[in-house]
Amino acid sequence: MKKTIIIIALLIAVIGVFVYSYQYRSEKIASEPSVSATIQTTAADTTASNQEDEQGKRLVAEDKKNDWQIYYDGTNAEIIHGDYKRVITSWSYSFDCEDPTMYCKDYDGDGEIEMMLRIVSGKLEEQYDPDMSPYTYSLYMFEPYTSSTGEKTLSSIVASDDTWKNPFAEAINCEMTQLKSCKKFLQFTMNDAEETITYNEKTGITTNKYVGYGLALCSNSKTYYTLDRWNKGAGIYNLDKNGNISLDIQVLVNYKEISDTQYIGNIHCGMEIVDGAFILKPNTIVFNSVDPYKVSDPRDTAKKKWNYTIKNASSGTTFKSTTIDWIEADFDLEGTAKQITQPFDSMASKIKCVDSVKFTEKSVVLTAKDGYSFSNVITGSGNFSVLINSGTDDEYDISYDCAVKNEGNTSTLTINFDKTYDREDLDNVTINFGV
């Protein structure tokens with residue numbers, strides 16, 4: 001295998017990736033053997049068959065172009081590449097759970113094609129996402145090897161739990177915190193172990209570059225729970241359709257008020273082969289929250305104060321009840337005007353009973369028509385939201401809390417945002433109340 005020169009590049013702060021200690025990686029690579037006697041598997045650019053040959057062996061993975069085959073007889077696995085063969089006697093559990101995945105390409109940069117496999121290594125103790133596989137995996141890379149005695153076999157290296165656990169235990173500093181300015185935001189920060197992670201004393205927002213955010217759990221009344229602790233769950237190795245290797249390490253959160261564990265997201269890393277060993281790929285380590293726990297970046301706040309009022313041009317309503325307990329309304333804040341008038345009577349909900357809707361960088365205030373008032377029951381139920389970018393991958397509920405205020409004949413509903421937003425962030429916004 002060729003030696004690969006690692007160049008520590010400038011980091012991209014926006015996506016929060018970083019290169020962990022070069023010294024640590026170099027030392028770990030140097031200590032790894034180039035040939036391993038153990039093994040396990042996975043696939044992309046392959047075919048497999050359920051047909052058995054005359055010896056009762058089943059073809060479970062194959063790459064015809066690069067001449068790799070894997071057979072399984074119910075007890076042993078046999079890997080074949082031309083004149084090179086290897087029999088594995090410890091894969092029956094893995095293959096009985098799931099067929100391996102295979103991909104062939106030059107993984108180590110030596111100009112030769114290697115074969116990568118992903119196989120089941122165990123079962124998740126708890127499956128937090130029902131859409132995920134219930135298994136954990138190991139990766140194996142195979143290539144032809146001729147011994148000093150002329151024996152043709154297949155050498156291998158493996159990526160297991162220790163491949164990622166050791167760097168994260170010894171070389172990477174990770175911290176999970178909850179913002180002081182808004183308990184809705186959980187903040188996951190990473191850096192080299194020798195680097196101190198610092199925070200803004202007032203807001204709790206880190207000054208560190210390598211950070212990601214997720215949504216904290218809350219009660220039915222939309223009161224956000226208090227972070228107690230976090231830990232790393234299972235690390236799941238993956239091969240994409242192009243054979244690229246990645247690792248997703250579960251991030252699990254617990255709160256003081258409840259016993260439930262929240263699977264909030266993953267530490268996502270690329271993987272590569274350097275000097276005969278699997279390592280975490282530089283410039284790829286990033287925290288990604290999972291649906292439905294995605295939030296906007298709390299560091300991206302409004303550049304200036306602004307306001308925009310929409311007046312209801314419709315005079316009458318068809319509702320007998322004077323309590324406003326159901327609002328579903330879409331608004332478009334494009335343009336530069338500070339106030340417009342439009343009819344609300346074409347909307348289906350009790351937005352018809354609202355006289356005006358005023359948006360600012362930090363909240364939206366709805367004022368009821370004379371004789372109508374907003375329901376205090378709804379404010380306590382948590383059934384309110386302000387959605388931006390509805391129907392897209394960047395859809396967020398930016399609401400934080402809400403309050404009803406009744407003074408004389410005037411009733412107002414104020415929904416505060418989780419941070420300040422520029423007007424263009426709210427080009428398309430949906431207000432829900434009692435929904």
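Positions are given from 1 along the sequence. The basis for the numbers below is simple: all heavy atoms, side chains too, and nothing from hydrogens, waters or symmetry mates. Everything quoted here is computed from the prediction, not taken from an experiment.
Phe359 has its ring centre no less than 6.0 Å from the ring centre of Trp306. You'll find the ring centres of Phe185 and Tyr224 outside the 6.0 Å limit.
Using a cutoff of 4.0 Å between basic side-chain nitrogens and carboxylate oxygens, Arg58 and Asp99 are scored as salt-bridged. Salt bridge status for Lys57 with Asp73: absent, with no side-chain N to carboxylate O gap under 4.0 Å. A salt bridge between Asp63 and Lys65 is absent, with no side-chain N of the basic residue lying under 4.0 Å from a carboxylate O of the acidic one. Of the charged side-chain nitrogens involved, at least one lies within less than 4.0 Å of a carboxylate oxygen, so that Lys294 and Asp291 count as a salt-bridged pair. Salt-bridge annotation for Asp422 and Lys303: present, with a side-chain N of the basic residue lying under 4.0 Å from a carboxylate O of the acidic one.
A cation-pi contact, defined as under 6.0 Å to the ring centre and within 45° of the axis, links Lys222 to Phe384.
Minimum heavy-atom separation, Asn389 to Asp394: ND2-O, 3.0 Å. Closest heavy-atom contact between Met132 and Gln127: O-NE2, 2.6 Å.
For the residue pair Asn288 and Asn266, no side-chain donor N or O sits within less than 3.5 Å of a side-chain acceptor on the partner.
Of the residues Ile398, Val364, Val365, Thr379, the one that meets the side chain to side chain contact (heavy atoms under 4.5 Å, CB included) test with Ile415 is Val364.
Listed by chain and number, the residues in a side-chain hydrogen bond (donor to acceptor under 3.5 Å, both in side chains) with Asp106 amount to none (sequence neighbours excluded).
The closest donor-acceptor contact from the side chain of Glu78 to the backbone of Tyr71 lies at 3.5 Å or more, if one exists at all.
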